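So that the names make sense, note that chain A is the first sequence line, chain B the second, and so on, each numbered from 1. Bear in mind that the values here come from a model prediction, so they are computed numbers and not experimental data.
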Amino acid sequence: MIQEKSKLDNLSQKPMVVIEDLHKSFGKLQVLKGINLQIMPHEVLGIIGPSGSGKSTILRCFNYLEEPTKGRILIDGEPMELESGRMISHSAYENHLDYMRTKVGMVFQRFNLFPHMTALENVCEGLVTVKKIRKDLAKDQAVTMLTRVGLADKLDSYPAQLSGGQQQRVAIARALVMEPKVMLFDEVTSALDPELVAEVLNVMRELAHQGMTMLLVSHEMGFVEEIAHRIIFLDEGIISEEGAPEKIFHNPTNERTRAFLKKVLEKR
Amino acid sequence: MPSGFDWPLVIEWIPHMWRGAVTTVWISFLSLILALVLGLVVSLLRLSHMNIVRRLASFYVDLIRGTPALLQILAIYFGVPYFGLSMPAYVAGIIALGINSGAYISEMVRGALESLDKGQMEAARGMGMSYSQAMRRVLLPQILQIVIPPITGEYNSLVKGSSLLSVISIAELTRVGQRMLGVSFRPIESYLPIALIYFVINYIIVRSTSNMEKRLAAKGHRV
């Protein structure tokens, strides 16, 4: 772990992700009120905060499942959204977004696997439909990826035949196989039975060690503390505290952070 | 007093009834095909990002649902030639029934799409699929099983509704019954066998689609 973090410090290079002045409102409700973030390649960023603080909204705006009200998101220097001002047709705008979304892998709380496809077909789908990779090659890659998440024996199972932990690992494989530059994890263990959480966290830990850039929204505080290089505490739509896990968890300066951590850590 | 059931009359008319039944089956089947295409297209148009397209599509549905099918058939049959296009009665009939049924089917498809978890669209879009790819590959295959029962019901309605086409002198089942009555003046012998034939046709449709449902379910298509 320590090695990982020091490796990160040495990489004084361009950020993988830049989030500039991100705002999101739903009607009158302001959920995000100006988020600024830079995430370096290989960095794991943990996002914590009380419910309703906008944690998931950051991830959902990140790949434009929710269109930001204001602000800009760049991945590896490329903006998610085509610059306005120029005349852009609706389809050109959408095509660019579709292309940019292939660079972002998202894993959801409720898996969202395609129930009419087997595990293998779920993982192949993006390669074949989006990346237009030949079916047999896609299948090879998908098998490799499912093997990596420990599901080599479940290729032909339908999601309904898998446990929650297995389904979530298929979902991770489905996102990874697209070779994204960033992975977003949106409370991916919250819908799991407690005994199934570990198998999913193990896959994520592995991924972090291999150097994947990750944004992590989670209630698993111990896990976040362990694998995140940096943590932001989100409160009412703004980043109210930011720093290394040791600092946030053991020496928070912000009163709200302290109160929040006291509440969640007591439960353990 | 009629002296009992006139069997010889019914037997004499069996060949006509058979031809009428065949006409009823193929006309309602072609109408269903048209209705399925129309229903799918309209349900997708109702989800369009263009306001005007959405409004036109839902106006079509409201218009069809708000007027009697009989008048829709007459409107197509007499209205289209008014614009200088002539077509055989059965073409007008199929188009009218298809347009009518398409409105109902579009509602079924829309309802089924709305019943799916929003996460399905999000997962598909999130991996870079376009809207139409997500529809084709992820959403539409999942509603297949949901819409089969209501569409079977709609097919039954079409078979029954095709009896309205007797008013534009298409020789389907009901028309055969009318002709039989006109010749024999025996309403029971004219209409009872025909009602029975409608029932048998619909019964076969219901049975065969429920087999299809079972096969789909066996393939593991259920969530």
Side-chain angles (χ1 to χ4, degrees), chain A residues 56 59-60 62-66 90-91 93-118 121-132 156-162 167 170-171 173-180 183-184 186 191, chain B residues 40 43-57 108-109 111-149 151 212-223:
Chain A
S56 289
L59 298 193
R60 296 171 59 78
F62 191 100
N63 63 0
Y64 277 66
L65 288 181
E66 302 285 356
H90 179 78
S91 68
Y93 177 89
E94 286 287 320
N95 289 343
H96 178 76
L97 255 187
D98 292 340
Y99 159 71
M100 288 305 290
R101 282 183 180 130
T102 63
K103 298 174 184 291
V104 185
M106 182 146 182
V107 186
F108 300 86
Q109 183 176 355
R110 292 177 53 239
F111 330 135
N112 297 348
L113 289 179
F114 306 137
H116 57 304
M117 299 181 191
T118 62
E121 288 165 344
N122 263 282
V123 180
C124 281
E125 186 57 35
L127 293 176
V128 175
T129 305
V130 179
K131 290 200 161 174
K132 310 288 182 203
D156 297 321
S157 302
Y158 285 92
Q161 299 164 326
L162 298 173
Q167 289 188 57
V170 174
R174 179 176 72 173
L176 279 181
V177 82
M178 301 294 279
E179 298 180 335
M183 285 284 287
L184 312 179
D186 188 7
Chain B
L40 179 61
S43 64
L44 295 178
L45 291 180
R46 293 190 71 173
L47 299 167
S48 164
H49 65 271
M50 279 185 286
N51 203 356
I52 177 82
V53 173
R54 275 202 312 274
R55 278 172 190 229
L56 280 174
M108 295 167 197
V109 173
L113 284 173
E114 281 172 359
S115 76
L116 294 180
D117 190 326
K118 280 200 185 72
Q120 291 293 310
M121 182 55 111
E122 291 183 349
R125 297 306 304 274
M127 66 167 68
M129 282 193 206
S130 68
Y131 180 82
S132 63
Q133 284 172 332
M135 270 293 167
R136 219 171 47 240
R137 301 285 310 165
V138 177
L139 300 204
L140 292 178
Q142 289 187 54
I143 66 163
L144 197 62
Q145 225 184 1
I146 305 175
V147 295
I148 285 177
I151 285 179
M212 189 156 76
E213 270 176 74
K214 281 192 197 114
R215 276 206 309 278
L216 270 178
K219 254 185 86 189
H221 272 229
R222 202 62 208 145
V223 187

* Structure fact -> Cut-off 4.5 Å, heavy atoms of chain B, and the answer for A:M178 is side chain
* Structure fact -> Value for CG (B:L144) from NE2 (A:H116), rounded to nearest 0.5 Å, stands at 10.0 Å
* Structure fact -> Minimal heavy-atom distance between B:Q133 and A:T129, with the atoms involved, is NE2-O, 3.2 Å
* State whether the number of non-hydrogen atoms from other residues, nucleotides or ligands found under 6.0 Å of B:E114 atom CD is greater than 12. => yes
* Asked: Between atom CD of B:Q120 and atom CG of A:L113, what is the distance when rounded to the nearest 0.5 Å?
  -> 8.0 Å
* To do: Heavy-atom distances under 4.5 Å only: say whether A:M117 touches chain B with side chain, backbone, both or neither.
  => side chain
* Asked: If you measure from CZ on B:R137 to CZ on A:F114, what distance do you get to the nearest 0.5 Å?
  -> 9.5 Å
* Does a side-chain heavy-atom distance below 4.5 Å link B:E122 with A:F108? -> yes
* Heavy atoms from other residues, nucleotides or ligands near NZ of A:K132 exceed 12 (cutoff 6.0 Å) -> yes
* B:R55 atom CZ, over 12 foreign heavy atoms within 6.0 Å -> no
* Just how far is it from atom CD of A:E94 to atom CZ of B:R125, taken to the nearest 0.5 Å? -> 5.0 Å
* Quick one: of A:R110, A:R101, A:K103, A:R60, who has the most non-hydrogen atom pairs under 4.5 Å with chain B? -> A:R101
* To do: Could you tell me whether a side-chain N or O of A:N112 sits under 3.5 Å from a main-chain N or O of B:G119, the two making a donor and an acceptor?
  => yes
